Amino acid sequence: MEYNFTAIEKKWQQYWEENLTFKTPDDLSNPNKCYILDMFPYPSGAGLHVGHPEGYTATDIYSRYKRMKGFNVLHPMGWDAFGLPAEQYAIHTGTHPSVTTKNNCDTFRRQIKSLGLSYDWDREINTTDPKYFKWTQWIFIKLYNTWFDETLQKGRPVSELQVPDEIREKGDEETGKYVDSRRLAYYDNALVWWCPQCRIVCANEEVLFDGSHEKCGNKVEKKNLKQWMLRIPLYAERLLRGIDKLDWPEGIKDMQRNWIGRSTGAEVDFQIDGLNEKLRVFTTRPDTLFGATYMVIAPEHSLTVAISTPEHRKEVENYIKAASLKSDLDRTDLAKDKTGVFTGRYAINPVNNKKIPIWVADYVLTGYGTGAIMAVPAHDTRDFEFAQKFSLPIDCIQDPDVEDPQQKRRILDGEECWTEDGKYINSSSEITGIDINGLNKEAGIAKMIRWLESEGLGAEKVNYKLRDWLFSRQRYWGEPFPVIHWEDGTVSLLDEAELPLELPLMEKYMPGESGESPLANATEWLNVTDKNGRRGRRETNTMPQWAGSCWYYLRFIDPLNDEMIFDSEKERYWMPVDLYIGGAEHAVLHLLYSRFWHKVLYDLAIVSTDEPYMKLFNQGMILAFAYETENGAKVSSDMVEEREGKFYNKQTGEELRQIVAKMSKTLKNVVNPDDVTSKYGADSLRLYEMFMGPLDVTKPWDEKGVKGVFNFLQRTFRFFSNTDNIITGDEDPEILKGLHQAIKKVEGDIENLRFNTAISAMMIFLNLVTKKGKVTRDTVCSFTKILAPFAPHLAEELWEIQGHSKTLACEPWPPANEEYLREDTFEYPVSVNGKLRFKTELPLDMGKEEIAKTVLSDERAKKWIEGGTLANIIVVPGKIVNIVVKNR
RNA sequence: GCCCGGAUGGCGGAAUUGGUAGACGCGCUGGUCUCAAACACCAGUGGUAGUGAUACUGUGCCGGUUCGAUCCCGGCUCCGGGUACCA
């Protein structure tokens, strides 16, 4: 019988759909549940590319396997469908983004369904659906109405916030301000990146290092706008500590830790000479206070202008202006010289009362610490560079632990920077009484902090890199904020009953020049009046794309619930997500934001787990071959021809080099899954995606490889669908052994997401049975079952050919029987001085000494010992024998 | 610069982390089938030398630990990814 994959795949996809094979029952009685989730896609106009099915196939194999293992599996799919492309398309064509979005979703759904993925389509969600974003808005209201109790390290309703009496006495306005200052969501002026081309504000994360906008590539500028912000840093400690217990790749955990960026140190106050002001700094090295020879204040610091002396003020102001035009890269590029100007002002170093100059320099950032530093050039490379450039004193206060006397001399003379440990020198003062001379770094830090605290000059302090999350966009195609700004200056949020607040229909989607979103033009929608005639205006910002993806895994649990965000009982049953697979590009932002929301919901007792995703796995990127000339010029793939394993430019005949690159339109090396499916079938596509290599590495797509797995499936079908090959009676022991080896290998590999080697194990088994020629029906059925998660259409067909009338999707996974795997003998590799010389088969229960005796009496061993002395023989039972011969 | 990965045949990759390097697949070579080609099937395939058994060599480079190193340690080179002076 020929392998007609088109007919087979169509038939079974239809069967699964009609029989609701993969509908997840709301049966919460099965104690074994498994929630297997893909990062849901943004449905772009380009359709699916071969990178998508990589993760989807992996989770599908895992899901099908877990079902066969008796688990109640939740495996849903949906669309993260808000986003800029649909909006920009709307600007150009007037087509409403919902139309574009619907079309794109339809394409994605069709393409995904054609791969035979076992999603429960009844749970499909779409972030742009008002029934969905009603609850995104609902969560925003929760965030707004929550404050963070530092003592309990827990988010609590603002109704439980104790307003201090002295503030309450000042009246409602001050009380309101106090409460607002504690809410997790707040509305404030923020200096944000503005893209004049897109007319939108970009998050810091969206601005590329060269100061251009990630989406359009144009230069961005800074602009002050009213923005919604979320106080994620309050959860920094919880987010950091939570990482430890997660089963995530260590690299991703590191990235999250680095992003949160916890550092411990001290805040120290420096009195400003001649002014009744103090300059507070954060330092991780309070022990080096004696080496502080100057201070640096950030250009944006509120005191910068104020402390500058009249003769320096002009210069400082010019410097501030210049710094504000720089992108972060310009300020931080290591290749560039450090810049800065003197403020004319001095501060008093609290450890010795010495006067040190205060400079303003843009290598100090406002967003981190206090926006000012004490500079210790002898022991900090950045300060060292700056001090050298501006000839500021460099006082070494640590005797370096170095051997080289010349280097030691240079360091002590302040000609070289020393950032490692060493014993303190020149670190005492009779005036203030502090002395840390002779201590090392750890003891020095501890003693200095104790002293600062006792003198009231500073305190131990933990600092985080993590910043407030800018949570609004000047866009149309996003979730509207359920917020009204009233003419009296107050802000109110909609009642839950008024949700969802839908987007108004519009004719033009152009944003306003001033930085307002297109919603500012939707006058009817925009203006509201309350029952007392007070007029107000709706919030025109919309939420960022992160909003919908922050909590979608929760909605899959109960996607059609109109009464509640989800049913709590179902949430307790399904959460947390057991396996989450997606691209590493979301390693930090999506996963961190999502964890943040989840923790808030946990604190409010809306969810039952403290973390959303237990096990995370990142699939690697799929690249494609591309071609370049000898000097590196890229050549579009349709211009290339292959002759005898070499590549040539069709037109010029020039020989080209094959390289591996990201798929891109310009290189014309994008692979469309539809083309692969029509040529080889969905099962082949699935199998190849998994066979290419380990799931987590980047790897190049090679159509020849698809052919390889196609051949395997074709041979599988031909052999097992041929009834002449099926016999009755006892199975050949060798086949039985091969089968159970395969079962064991495939099972272990699926559990560890090592699909490439699982497939190779099945190939080995097929090679064995085709050589043998005949198998029993039991063997066919067992093999069909282990193949099923990988090539489900083919497996269903073979299952039916064996006379079954129902799907194998819920058949039990065949157990690997160790009895068939047991070996009595082992072919010992015998090496001499570590080099393999020959092999000899010996019983596995033979003792070490007997093995040694037998091996040494072997003629081949004698040959290698001859002419030398036998020094030792190492026997590792079941592994290897090594003969050590000397003087040979 | 810093952090995290990685480097294994002509190619994608195996080796259940100290114990037979190169599983499986692609490609290539030879053969069977065919008028012929494609498909399919069978055999071979790291390199060098040899008809051959076999020997030497071989996991980016240099060194070390070990009976034994792709795996551990020290020092480099190159390639990916992340990050941007975080005090």
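Fair warning: this is a prediction, and the values are worked out from it, not measured in the lab.
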| In terms of base orientation, is B/G5 syn or anti, with the syn window spanning 90° either side of 0? | anti
| query | How many Å lie between CG on A/Asp287 and C1' on B/A87, as a whole number? | reply | 12 Å
| message | With rounding to the closest Å, how many angstrom separate the C1' atoms on B/A23 and B/G30? | response | 24 Å
| task | Give a yes or no on whether the ring-centroid distance for A/Tyr688 and A/Trp701 is below 6.0 angstrom. | result | yes
| side chain to side chain donor-acceptor pair (under 3.5 Å) contacts in which one or both residues fall within residues 870-884 of chain A, not counting sequence neighbours | A/Ser831-A/Asn882
| message | Walk along nucleotides 5-20 of chain B from 5' to 3' and tag each nucleotide B, S or - by protein heavy-atom contact under 4.0 Å, base first, then sugar-phosphate. | response | -------BSS----BB
| Which part of the nucleic acid, if any, lies within reach of A/Arg837 when heavy atoms closer than 4.0 Å are counted: base, sugar-phosphate only, or nothing? | sugar-phosphate
| task | Between B/U70 and B/A15, how far apart are the P atoms? Round to whole Å, please. | result | 16 Å
| query | Below 4.0 angstrom, N of the basic side chain to O of the carboxylate: do A/Arg686 and A/Glu54 qualify? | reply | no
| query | How long is the line joining CG of A/Asn833 and C1' of B/A69, in whole Å? | reply | 15 Å
| Which value, rounded to the nearest 0.5 Å, describes the distance between A/Thr716 atom OG1 and A/Leu766 atom CG? | 4.5 Å
| query | NA contact type, A/Ser263, heavy-atom cut-off 4.0 Å: base, sugar-phosphate, or nothing? | reply | sugar-phosphate
| query | Roughly how far apart, to the nearest Å, are B/U48 and B/A43 at atom C1'? | reply | 24 Å
| request: Inspect the contact between A/Lys699 and A/Glu689 and indicate whether a charged nitrogen and a carboxylate oxygen are less than 4.0 angstrom apart. | output: no
| Distance between the C1' atoms of B/U51 and B/G60, in whole angstroms? | 37 Å
| If we take the P atom in both B/U17 and B/A87, what is their distance in whole Å? | 39 Å
| query | How close or far is atom P of B/A87 from atom CZ of A/Arg382, stated in whole angstroms? | reply | 6 Å
| said: If I pick the P atom on B/C24 and the same atom on B/C42, what distance separates them, to the nearest angstrom? | reply: 13 Å
| Salt-bridged, A/Asp269 to A/Lys278, with N to O below 4.0 Å? | no
| request: Find the distance A/Arg860:CZ to B/A55:P and express it as a whole number of Å. | output: 11 Å
| field | Pairwise P distance, B/C39 and B/C28 [rounded to whole Å] | value | 10 Å
| task | Would you indicate which nucleotide in B/C24, B/C86, B/G27 comes nearest to any side-chain atom of A/Lys704? | result | B/G27
| Given B/A87, is OP1 or OP2 found less than 4.0 Å from the side-chain N or O atoms of A/Tyr368? | yes
Donor-acceptor pairs are to be reported for all side-chain atoms of residues 457-466 of chain A against protein atoms at under 3.5 Å, with residues two or more places apart or in another chain.
{"from": "A/Tyr464", "atom 1": "OH", "to": "A/Glu237", "atom 2": "OE1", "distance (Å)": "2.1"}
{"from": "A/Lys465", "atom 1": "NZ", "to": "A/Asn258", "atom 2": "O", "distance (Å)": "3.1"}

| If you check the A/Thr283 side chain, which of B/G27, B/C56, B/A87 turns out closest? | B/A87
| field | For atom NZ of A/Lys465 and atom P of B/C3, their distance in whole Å | value | 13 Å
| request: Could you tell me how the ring of A/Tyr3 sits relative to the ring of A/Phe717: parallel (under 30°), tilted (30 to 60°) or perpendicular (over 60°)? | output: tilted
| field | Whole-Å gap separating P (B/G82) and CG (A/Asn618) | value | 12 Å
Pick out the pairs of N or O atoms, protein on one side and nucleotides 40-44 of chain B on the other, that lie under 3.5 Å.
{"from": "B/A40", "atom 1": "OP1", "to": "A/Asn711", "atom 2": "OD1", "distance (Å)": "3.2"}
{"from": "B/C41", "atom 1": "OP1", "to": "A/Arg715", "atom 2": "NE", "distance (Å)": "3.4"}

| Hey, which of these two, A/Asp254 or A/Asp383, hits RNA chain B nearer its 5' end, going by closest nucleotide? | A/Asp254
| query | Below 4.0 angstrom, N of the basic side chain to O of the carboxylate: do A/Arg257 and A/Asp244 qualify? | reply | yes
| task | Quick one: sort the A/Phe790 and A/Phe755 rings into parallel, tilted or perpendicular, breaks at 30° and 60°. | result | perpendicular
| request: Sequence neighbours left out, what passes side-chain hydrogen bond (donor to acceptor under 3.5 Å, both in side chains) with A/His590? Give chain and number order. | output: A/Tyr580
| task | Determine: side-chain N/O of A/Arg257 to OP1/OP2 of B/C3, distance under 4.0 Å, yes or no. | result | no
| task | Look at A/Arg860 together with A/Asp858 and state whether they make a salt bridge at an N to O cut-off of under 4.0 Å. | result | yes
| query | In dot-bracket notation, what is the pairing pattern of RNA chain B, taking Watson-Crick (N1-N3 plus N6-O4 or O6-N4) and G-U wobble (N1-O2 and O6-N3) contacts under 3.5 Å, with [ ] crossing and | for other strands? | reply | (((((((..(((......[....)))((((((.......))))))((((....))))..(((((..]....))))))))))))....
| task | Write down the distance separating the P atoms in B/G46 and B/G10, rounded off to the nearest Å. | result | 11 Å
| request: Could you tell me whether A/Tyr680 and A/Phe5 have their ring centroids closer than 6.0 angstrom? | output: no
| request: Evaluate the ring planes of A/Phe386 and A/Phe390, with Trp represented by its six-membered ring, and classify them as parallel (under 30°), tilted (30 to 60°) or perpendicular (over 60°). | output: tilted
| query | Below 4.0 angstrom from OP1 or OP2 of B/G25, is there any side-chain N or O of A/Asn767? | reply | yes
| Could you state the CD1-C1' distance from A/Ile252 to B/U83, rounded to the nearest angstrom? | 14 Å
| task | Using whole Å, report how far NZ of A/Lys253 lies from P of B/G81. | result | 25 Å
